[in-house]
Amino acid sequence: MPNRTPRPSYAPSSLRRLLAGVALAGSLSLALSACAGAPKADEMPSSAEQAPPPADSAAIAPGEPAPPPPRPRCNAELAQANAAGKAADTATVERARVDAGGDLVRVLKPGQFVTKEYREGRVNVYVDENNVVTSVSCG
């Protein structure tokens with residue numbers, strides 16, 4: 001009777017494919033990390049080039065956290081007064097954004113689905129079925 005060695009339960013071709021996939025993933029991550037090299041010494045700011053502290057930094061006690069920066073404000077009253085009743089063309093919508101002091105604007109039509117997250121600097125321009133501005137709000 002010939003002496004036979006037992007065969008492994010896995011298929012050699014599937015093991016090769018698995019190893020090839022692992023090797024490919026490893027080489028891709030190494031290649032991508034090489035692209036993000038450290039900045040050169042002459043590109044890094046020295047201690048003399050750092051920005052001066054803010055003027056009100058003397059009021060902050062050492063070890064205390066700095067107060068948060070002021071949040072952008074949106075005031076829709078002026079935009080509402082200037083845009084209500086006008087056609088919501090590009091110029092009217094942009095004027096509403098500027099008047100309200102927002103950083104972005106969206107036009108909302110009747111029945112349109114709207115996300116509910118609140119964004120401080122966003123101006124909402126509501127229009128009717130005829131694309132006439134009915135109201136302006138922030139958020």
| request: For atom CD of Glu77, decide whether the heavy atoms of other residues, nucleotides or ligands shown that lie under 6.0 angstrom number more than 12. | output: no

| request: Check whether any side-chain heavy atom of Asn124 sits under 4.5 Å from a side-chain heavy atom of Arg119, and report yes or no. | output: no

Indicate the atoms forming the closest heavy-atom contact of [X] with [Y], along with that distance.
X      : Y      : value
Ser135 : Gln80  : CA-OE1, 3.1 Å
Tyr126 : Ser137 : CE1-OG, 3.3 Å
Asp103 : Arg122 : OD1-N, 3.9 Å
Val123 : Cys74  : CG2-SG, 3.8 Å
Thr115 : Arg106 : OG1-NH1, 3.3 Å
Ala76  : Ala100 : CA-CB, 4.2 Å

| message | Using the rule that Ile, Leu, Val, Met, Phe, Trp and Tyr join whenever any side-chain heavy atoms are under 4.5 Å apart, tell me whether Leu78 and Val136 fall into a single cluster. | response | no

| said: Please determine whether residues Val127 and Leu108 belong to a single hydrophobic cluster, defined as Ile, Leu, Val, Met, Phe, Trp and Tyr linked transitively by side-chain heavy-atom distances below 4.5 Å. | reply: no

| task | Run the numbers on Arg95 and Thr90 for side-chain hydrogen bond (donor to acceptor under 3.5 Å, both in side chains), then give the verdict. | result | CA-CA 9 Å; Arg95 172 88 190 266; Thr90 306; over 6 Å; no

| note | Apart from Phe113 itself, its cluster of hydrophobic side chains linked below 4.5 Å comprises none

| request: Return yes if some donor-acceptor pair links the side-chain N/O of Thr92 with the main-chain N/O of Ala87 below 3.5 Å, else return no. | output: yes

| message | Is it the case that the side chain of Asn130 and the backbone of Val132 share a donor-acceptor pair, with hydrogens and angles ignored and the cut-off at 3.5 Å? | response | no

| query | In Å and rounded to the nearest 0.5 Å, what is the CG to NZ distance from Asp128 to Lys109? | reply | 11.5 Å

